[in-house]
Amino acid sequence: MKEHGTGTRDQNGALGEMKQKESDPVPDTPVGGDLVEDAVRSYTEYLVSRGKSRNTLEKYARDIRTFLRFSQGRPLDQEGLEQYRDYLKDHYKPASVNSMLVALNQYLIYLKKGELCLKLLHLEQDAERNRKRKLTREDYLCLVKQAGQNGNRRLFCMLQTLGSTGIRIGELPFITVECLDQKTASVTFNGRTREILLPESLVKLLKRYCREMGLESGPVFVTRGGRPMDRRNVWKEMKQLCREAGVDTEKVFPHNFRHMFADSYYAREMDIVRLADCLGSSGGDSGPHPSMTGQVVKYRERLEVRLEEEIKN
């Protein structure tokens, strides 16, 4: 059985179409290639207007293309959709089926046919699997210490930035030399902007790093060529660090640092509204907007990770 999400790259480096096994063909029905591609293109333009990431665009386009090829000549009704779900169950692993159904449901909403959305498969092993993949604070400290021992100052500082702020990997370019003096970073994602307060200890760490690297402006975390670090650069370094630190590589994927930040913050503050602001999950332009300087200072203190003492132990 071919796991969904794999693919090949053509000469231009673009993600190729998933290759089905001969025993796993998309049903042999008229494809109507132009119509399918027109529909996929129109939907992709809609997703772009909604601020979806490149990875999401590629994933949804691939999944909707699979659905449209299957459903060619079939009516778009509950029965036809359930036939498609049965087809997926026969050809993909349960987790992949659910990811493809999520893409399909979003497409149905786009078509204003949300009443046809399908239920996802119930995965009994998900809770246990997620528990095993959870990045604990102990794992996090181990990674930070290992990066420091390796002399990898960039990764050492980057890990603490992710752990102290809860920002996404793709938001690292918003952590600039200029924002360190204000101790606040203005982060824009999916068309929404939020203000991120930077803990005092993190500001001191990053200012020292900038002096060491001779950085006077622009993003703090850049490649040797001066380009902002992206998801692929960071993921590769983190995986290698895991092996060196003895941390399960399954635990370290970029979004897991947001989960760890959320767990740590909520355990301290029990404030789900403020946590949503920090993570940019509140549905609009957000961020901490205390009206008085004293409140800003107090809030920034609550974000302090205070890793220095822990890393020394």
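In this chain, residues are counted from 1 in sequence order.
- Under the 4.5 Å side-chain criterion, counting only non-hydrogen atoms from C-beta, R69 is not in contact with I64.
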Does the side-chain contact (heavy atoms from CB on, under 4.5 Å) test come out yes or no for L76 and K113, once each step is laid out? CA-CA 9 Å; L76 185 58; K113 292 185 177 292; 3.6 Å; yes
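- Proximity of a side-chain donor or acceptor of N98 to a complementary backbone N or O of L120 within less than 3.5 Å is not detected.
- Heavy-atom contacts from other residues, nucleotides or ligands closer than 6.0 Å to CD of E216 number 12 or fewer.
- Although no hydrogens or angles enter the test, the distance criterion places a donor-acceptor pair under 3.5 Å between the side chain of Y140 and the main chain of L159.
- In the hydrophobic cluster analysis, where Ile, Leu, Val, Met, Phe, Trp and Tyr join through side-chain heavy atoms closer than 4.5 angstrom, V40 is grouped apart from I109.
- S186 and E195 form a side-chain donor-acceptor contact under 3.5 Å, judged by distance and modelled atom types alone.
- Contact check for P173 versus F221: no side-chain heavy atoms found under the 4.5 Å cut-off.
- When atom types are taken as modelled, the side chain of T56 and the backbone of K52 share no donor-acceptor pair closer than 3.5 angstrom.
- Residue R153 holds its CZ atom at 8.5 Å from OH of Y209, rounded to the nearest 0.5 Å.
- When side chains are defined from C-beta on, L116 does not count as touching N105, because their heavy atoms never get closer than 4.5 Å.
- Checked by atom type and distance alone, the side chain of E58 never pairs as donor or acceptor with a backbone atom of N55 at under 3.5 Å.
- In terms of heavy-atom proximity, L206 sits nearest to I175 at CD1-CG2, 3.9 Å.
- Atom CE of M238 and atom CG of L155 lie 6.5 Å apart (nearest 0.5 Å).
- To the nearest 0.5 Å, atom CD of residue E200 and atom OG of residue S164 are 12.5 Å apart.
- With a 4.5 Å cut-off on side-chain heavy atoms, E237 and N152 count as touching.
- Proximity of a side-chain donor or acceptor of K183 to a complementary backbone N or O of V203 within less than 3.5 Å is not detected.
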Report the C-alpha separation of S99 and S96 in whole Å, then their side-chain angles, then the decisive distance to 0.1 Å, and conclude whether the side-chain hydrogen bond (donor to acceptor under 3.5 Å, both in side chains) test is met. CA-CA 5 Å; S99 73; S96 294; 5.1 Å; no
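- The two residues C242 and D248 make their nearest non-hydrogen contact at SG-O, 4.3 Å.
- Inter-residue side-chain proximity for V102 and Y60 is flagged as met; some heavy-atom pair is nearer than 4.5 Å.
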Would you sort out whether R74 and E79 count as a salt bridge (charged side-chain N to carboxylate O under 4.0 Å, His left out), showing the intermediate values? CA-CA 10 Å; R74 294 179 172 85; E79 181 179 355; over 6 Å; no
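- Residue R227 places its CZ atom among 12 or fewer non-hydrogen atoms of other residues, nucleotides or ligands, all under 6.0 Å distant.
- Separation of atoms NE2 (H91) and CG (D86) is listed at 11.5 Å; rounding is to 0.5 Å.
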Q83 vs Q78, side-chain contact (heavy atoms from CB on, under 4.5 Å): CA-CA, chis, key distance, verdict: CA-CA 9 Å; Q83 288 176 0; Q78 202 69 48; over 6 Å; no
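- P228 and P219 make their closest contact through CG-CG, 4.1 Å (heavy atoms, listed as atom of the first residue, atom of the second, distance).
- To the nearest 0.5 Å, atom CG of residue L121 and atom CZ of residue R85 are 7.0 Å apart.
- To the nearest 0.5 angstrom, L108 atom CG is 5.5 Å from L81 atom CG.
- Residues L68 and R65 have side chains not in contact (no heavy-atom distance under 4.5 Å, counting atoms from C-beta outward).
- With D181 contributing its side chain and E178 its backbone, the two residues share no donor-acceptor pair below 3.5 Å.
- Considering only heavy atoms from C-beta on, T184 stays 4.5 Å or farther from L198 through its side chain.
- A61 and T44 make their closest contact through CB-OG1, 4.0 Å (heavy atoms, listed as atom of the first residue, atom of the second, distance).
- Scanning all heavy atoms of the two residues, the minimum distance from T66 to Y84 falls at CG2-OH, 3.9 Å.
- A donor-acceptor pair is defined here as one N or O able to donate and one able to accept, closer than 3.5 Å; no such pair exists between the side chain of S42 and the backbone of A39.
- Here Y107 and Y43 bring their ring centres to under 6.0 angstrom of each other.
- The minimum heavy-atom distance between R154 and V222, with the atom names listed, is NH1-O, 2.9 Å.
- Side-chain contact between T136 and L141: absent, with no pair of heavy atoms (C-beta onward) separated by less than 4.5 Å.
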Would you please test C210 and L180 for side-chain contact (heavy atoms from CB on, under 4.5 Å) and show each step? CA-CA 10 Å; C210 289; L180 297 180; 4.1 Å; yes
Could you go through L118 and L104, starting from their C-alpha distance and side-chain angles, then the distance that decides it, and tell me whether this counts as side-chain contact (heavy atoms from CB on, under 4.5 Å)? CA-CA 8 Å; L118 296 171; L104 173 60; 3.9 Å; yes
